[in-house]
Amino acid sequence: MATMPVGTLAAVNGKLLLSSTASIKRLSRTKATLRSNNNSKRACLPPVPADLSPDDQKRWYIVAEIVTHEQNYLDGLHKLDKYIFPVMSLDHTIVDEDIAQKISAVHQHICMLHEVINSLMEKCVEDWPTENVAGWMVSAMLEQPVLLHWYKKFIKRYKQTVQLYTEECQRNSRFASYVTDRLRAVGGQRTFQDYFILPVQRMPQLFLQLKELAKYTPETHKDRVMVDRCIKRVDYLEKQLNEASGNNETVETVLHAIEKWDPFTTFAHGQGNCHLLHSGVLRENFKKDCIVLLLSDRLVCAELPDRKSEAQCSEQKVCSRQTKAIGELIMVTPLEELDVVCGQLDEFRLDLEEGMRDFMSMFEEHDTTPPLDMCLEDLGELCSNSQAVLNSHSIYAIFLLQSSEPERDAPKLISLRLSKDNKYLLLAKTADEKKEWCYNIRMAKLALRPENCIGWWHSVMCPPYEALFSESFKAGDLDGVWSVTGACCFVPTTTSSAYSNEQFRTWSKQHHVLWLISQDTHSSKISLYNHDRKTHRIDMRANIDFPNVEVTSMVYVPVGQVGDTATDTVWIITDSHMLVYSATYPMIDKQLKSISIESIPGCLFYHGKRVFVSMLDGRLLVFSLKANDVWDMENPQQSDCGFVSAMCAVDSYVYMAIDTRLYVYDNQAGDFVKQLFFAPCGSFKRKQRISLLLYSIHGLWIARRNCDVISLYHAKHHVHLQDINIIARVYNFMIGHLLEKSSALKYLECVTVTSMQIIDNFLWIGTNVGLLLSLPLPQSANVPITAYELAVSHHGHLADVKVIVSLPSLRAPEEPEPENSDTDIDPLLIDKLYISTRMSNCDFSVRRPDVSFWDQNAPDESNNTSKHSMDMADETTSGKEEAAECSTWAPNSTLIITGGSGCIKRCQYTFHNRPFPDLSHVYNTSIGVEVTDIWDVITDDKKENVVVWEKRLK
């Protein structure tokens, strides 16, 4: 691609790329004009037909009201987003840039979200007279994963933003005149505050309208199920927003109390980005109960509210919120200065013994001896009278004297080291409660590390809740530069005789086993790790060397027997052999089988008691499990179907990518059943071979070789839904952080998708340039995805991210809301839902398969396939059953492992004498680039090739 001249706009894959400040401004004006044109025509239901029943007429009126209110709401958002914010954000003579961002940023995201829904509403109105359904349109809005995040942020900052606006108007007369004149120009007498409060009112209003709609929608009506679902969803959103609002008030009260109590201590976060992460009642230093609040940057301990005084204040109606929320402050400490010890009893014994010696020697020096039955108050008075100062260990001695059952209470102790000689003890009610506190404090401290201050560019999540950079390391004990090229991760299947020892079986259920492939220019090595699902600790166990051999792929096989060993196995493909190893620790380096392969193997896949091996010469081998649960290694099914470059499982089927086509293999029948084919359309990139396949509730995700686009297809109807294009986001990230524009342009030609994985409703994307991207996904099927929320990590690899693996803890995630099924949806509804993103010329056509298996020695499936459905169900539910059987406390988070070539980390080192940034205001939606330049320290390591992330569960 030729280099673009400075000061121009270039279109790449339909995306506008910015190449100068002037073009940024022009693009902002262009976007505002386009929005104005797109929203000039209001959707409106036609008059109610006279021949409808009273209930149907009522439904008609209610839907018309919902449409009208949504359009009025969007018009109100546009009054600020189109007429006030664009000029204000670009012309800094009107108002300071930081103030403009704090006022407009979150509001603009809410406006963008409702603009996406507006096209669906227009289609709903168009089809309403004949179809009489609207639930799908409302559901598409409410199910957006970013909706709750942006509304939470808006409500959290609403009072602060209005106060900021009011103060700026009083201080800056030009700004006040500008806003007043612009609003007067668009007509009406409403003020800035009248428009700005609209997002606060939207959800309660919609909830009442949906309840009224359900009242006049019969149970048998085709729209009733979706309307009920919308009511449940908006009720959930309201509760979440109310809870967030209550937490915000608590934080505001606590921060106000801290400011009065200690006005000199500085903290990392201000009121705008300080979050309440955890709270509870604990016993403080064995004296009395207190309320403890973990904020995102500090730990607060306060007395419980005085209920008697609170009741009196309530009667007089003059009580402040501070009295209701907390009592007098006891301790406030920044998290950066806090060290937490959450050990078990054995870890406290030394401190207890040393504390007793220190404690008794203190009284010996003053010729006094405390009686054994002395209470804590008298003990404290004695210490005070003798003018003695307890050292850092003596607090444990008090614990030993006061606790009637130290063996029972020690596991519930939380030891806070505020400084070298200052310790503070909190006693939880249970050991699990203590672990929960220690976990939340650890995660809060992790979020405060410099590399996690703003860990993701353009992320809707704030640091405590997004994926946090934890550590990086080099896979295996290796010299030189190695790249991670493959991985498999599993919880061992413990039903075989290899796990007959009960203690070993329990231990195995609580651990993941992670196998990582590393390669240099000549050799390969597999490194094995154990991941403790109760603590998130990762320990290296073994290395398997493959000198002068290229290991290309491996897969975990949970069932069946190979040779004389009854164990789960790991199958490995090299450049000339297929190897089978035991997956059972400590026999993991025991090779059970070696099969020489004539051609060069490609990829390896397991599903439903079959192992699929593709060859570069176009052959496909399918190994099957015999009726006696022994793998048939001698007589695999064979087919000259062509080179299979990617595979994924969809229910009982295996989808195989062969060039640009997909072949569907029925695992129960043991044969191909259909072929999905389409005439390559559009750009040259769509004609490339399919290289990655991934299935989720959202559909079938497809990435092509040397391509920067991920396409989403409906899993049942095989129609194109939408594309996720990463090139514009990568380009803007590069010019905003790393490169000059001329250098960044080269990435437009070479950025490709090399890996993808869905983890906790986020699509993780790895690229060949080392960047990692993530995109929040809806919790349900058949919901359009807002692709503009794609975020880029500031940390990652130097090149070729080939591995993205999740290591969830033992804690089961909260039960999700009921999910839409993608099996019963009307194909016509698909066209409506994805009206803005669908490309029908990219749909797959279904044909009969033109390939088959030519061997005559396929295994007898009569005894195997009859139980296949049950076996498949057992495999998918075994993890849940094991987690339930091993029920215990575990972190409320998931570890994410990424592997590639090298490692890169970008850290913040200065804010140029500016206050700590409000994280929600960093990204300027009107110009599409980041407005702060705090990422200046870049650390890269060619030897480290694995990055560990930790993300809270929802």
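Nothing here was measured: the structure is a model prediction, and the numbers come from that model. For reference, positions follow the sequence shown, starting with 1. Scope of the values below: all heavy atoms of this structure, side chains included, with no hydrogens, waters or symmetry mates.
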Heavy-atom donor-acceptor pair, [X] side chain to [Y] backbone, under 3.5 Å:
X    : Y    : value
T894 : P808 : no
H458 : L790 : yes
H794 : E451 : no
K445 : L338 : yes
S793 : G796 : no
S296 : H275 : yes
T574 : V551 : no
D666 : Q668 : yes
N440 : E436 : yes
W482 : T521 : no

Inspect the contact between [Y] and [X] and indicate whether a charged nitrogen and a carboxylate oxygen are less than 4.0 angstrom apart.
X    : Y    : answer
E944 : K905 : no
R729 : E789 : no
D539 : R537 : yes
D632 : K626 : no

Report yes if the distance between the aromatic ring centroids of F473 and Y529 is under 6.0 Å, otherwise no. yes
Suppose we call two aromatic rings close when their centres sit under 6.0 Å apart. Are H531 and H536 close by that rule?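 For H531 and H536, the ring centres are under 6.0 Å apart.
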At what distance, to the nearest 0.5 angstrom, does [atom1] of [X] lie from [atom2] of [Y]?
X    : Y    : atom1 : atom2 : value
D800 : T767 : CG    : OG1   : 8.5 Å
I765 : I710 : CD1   : CD1   : 3.5 Å
L604 : F612 : CG    : CZ    : 10.5 Å
K534 : L810 : NZ    : CG    : 7.5 Å
I758 : Y695 : CD1   : OH    : 10.5 Å
I904 : K942 : CD1   : NZ    : 11.5 Å

Distance-only side-chain donor-acceptor flag, [X] / [Y], under 3.5 Å:
X    : Y    : result
Y653 : N667 : no
E550 : S524 : no
H698 : S696 : yes
E466 : S459 : yes

Over all atoms of both residues, closest heavy-atom pair of [X] and [Y]:
X    : Y    : result
P776 : V146 : CG-CG1, 3.7 Å
S691 : A646 : O-CB, 3.5 Å
L621 : P636 : CB-CB, 4.4 Å
I804 : G766 : CD1-N, 3.7 Å
R704 : S711 : NH1-OG, 3.6 Å
P891 : S809 : O-OG, 2.5 Å

Apply side-chain contact (heavy atoms from CB on, under 4.5 Å) to residues L277 and R952 and explain how you reach the verdict. CA-CA 11 Å; L277 303 180; R952 293 173 182 262; 4.0 Å; yes
Would you say that [X] contacts [Y] through its side chain, given a criterion of any heavy-atom pair below 4.5 Å between the two side chains?
X    : Y    : result
S483 : Q519 : no
P558 : F490 : no
Q757 : L694 : yes
N543 : I526 : no
I896 : V947 : no
Y713 : I702 : yes
V753 : L692 : yes
V630 : L625 : no

Before you tell me yes or no, could you show the steps for V613 and W571 under side-chain contact (heavy atoms from CB on, under 4.5 Å), namely the whole-Å CA-CA distance, both residues' side-chain angles and the distance that decides it to 0.1 Å? CA-CA 10 Å; V613 184; W571 296 36; 5.6 Å; no
Evaluate the salt bridge (charged side-chain N to carboxylate O under 4.0 Å, His left out) criterion for residues R449 and E471: first the C-alpha distance (whole Å), next the side-chain angles of each, then the deciding distance (0.1 Å), finally the verdict. CA-CA 11 Å; R449 283 167 46 177; E471 63 175 321; over 6 Å; no
In chain order, what residues pass the side chain to side chain donor-acceptor pair (under 3.5 Å) check against R541, with sequence neighbours excluded? none
Classify the angle between the aromatic ring planes of Y439 and W889 as parallel (below 30°), tilted (30 to 60°) or perpendicular (above 60°). perpendicular
Which of parallel (below 30°), tilted (30 to 60°) and perpendicular (above 60°) describes W507 and F504? parallel
Given H797 and S901, is the side-chain contact (heavy atoms from CB on, under 4.5 Å) satisfied, shown in steps? CA-CA 6 Å; H797 300 271; S901 297; 5.8 Å; no
Do you know which of D568, T493, V570, T569 makes side-chain contact (heavy atoms from CB on, under 4.5 Å) with V557?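 The side-chain contact (heavy atoms from CB on, under 4.5 Å) with V557 is passed solely by T569 among D568, T493, V570, T569.
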May I have the step-by-step check of side-chain hydrogen bond (donor to acceptor under 3.5 Å, both in side chains) for E950 and S893, ending in yes or no? CA-CA 7 Å; E950 187 167 3; S893 60; 2.7 Å; yes
Begin with the C-alpha distance, continue with both residues' side-chain angles, and end with the deciding distance and a verdict on side-chain contact (heavy atoms from CB on, under 4.5 Å) for Q591 and L579. CA-CA 7 Å; Q591 187 180 120; L579 311 174; 4.1 Å; yes
Candidates F469, F762, W949, Y465 - the one meeting ring-ring contact (aromatic ring centres under 6.0 Å, His included) with W456: W949
Not counting sequence neighbours, list each pair that qualifies as a salt bridge (Lys or Arg N to Asp or Glu O under 4.0 Å) and has a residue in residues 765-778.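 Those involving residues 765-778 do not exist here.
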Strictly by salt bridge (Lys or Arg N to Asp or Glu O under 4.0 Å), give each pair with a member in residues 755-780 just once, sequence neighbours left out.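 Salt bridge (Lys or Arg N to Asp or Glu O under 4.0 Å) check on residues 755-780 returns D760-K951.
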